[in-house]
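The structure under discussion appears below in the form of structure tokens.
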Amino acid sequence: MTLDDKIGFVSGFTLTTVTSISMVGLYQAALVGLVGGFCGLLGKQLFYYTRNKLRSAKFRVTIIQLLDKIAAKIGVLKRWW
């Protein structure tokens, strides 16, 4: 496929799409893209926040303390039975 064929294909596709979609359809597509992009950015920031939180030393100490408490309670329950 030569460059002329690629340009012809893309321009034909664009012309067909533009002439067959109404303005309301274009607005809806733009709105969906905007909302999707915003949610994508929000999800990325949430991922980075969570990853950094899980990698922090303070969080690890908190989890270890919580697991120690749970293990101690399990030990007490075993002795009770």
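If you read the sequence from its start, that first residue is 1, and numbering goes on from there.
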Running the 4.5 Å side-chain criterion over Ile, Leu, Val, Met, Phe, Trp and Tyr, what cluster does Tyr48 land in, apart from itself? Phe47
Between OG1 on residue Thr62 and CD on residue Gln65, distance to nearest 0.5 Å: 6.0 Å
Atom pair SG/NZ of Cys39 and Lys44 - distance to nearest 0.5 Å: 14.0 Å
According to a 4.5 Å side-chain heavy-atom criterion applied to Ile, Leu, Val, Met, Phe, Trp and Tyr, with indirect links allowed, do Met23 and Val32 form part of one hydrophobic cluster? no
Fellow cluster residues of Ile7, listed by chain then number, with links counted only when side-chain atoms sit under 4.5 Å apart: Leu3
Going by chain and number, the hydrophobic cluster around Leu31 (ILVMFWY, side chain to side chain under 4.5 Å) further includes Val35
By side-chain hydrogen bond (donor to acceptor under 3.5 Å, both in side chains), which residues pair with Asn52, not counting sequence neighbours? none
Going by chain and number, the hydrophobic cluster around Phe59 (ILVMFWY, side chain to side chain under 4.5 Å) further includes Leu54, Ile63, Leu67
side-chain hydrogen bond (donor to acceptor under 3.5 Å, both in side chains) partners of Thr50, counting only residues at least two apart: none
Distance in Å, Lys6 NZ paired with Thr2 OG1, rounded so as to fall on 0.5 Å steps: 8.5 Å
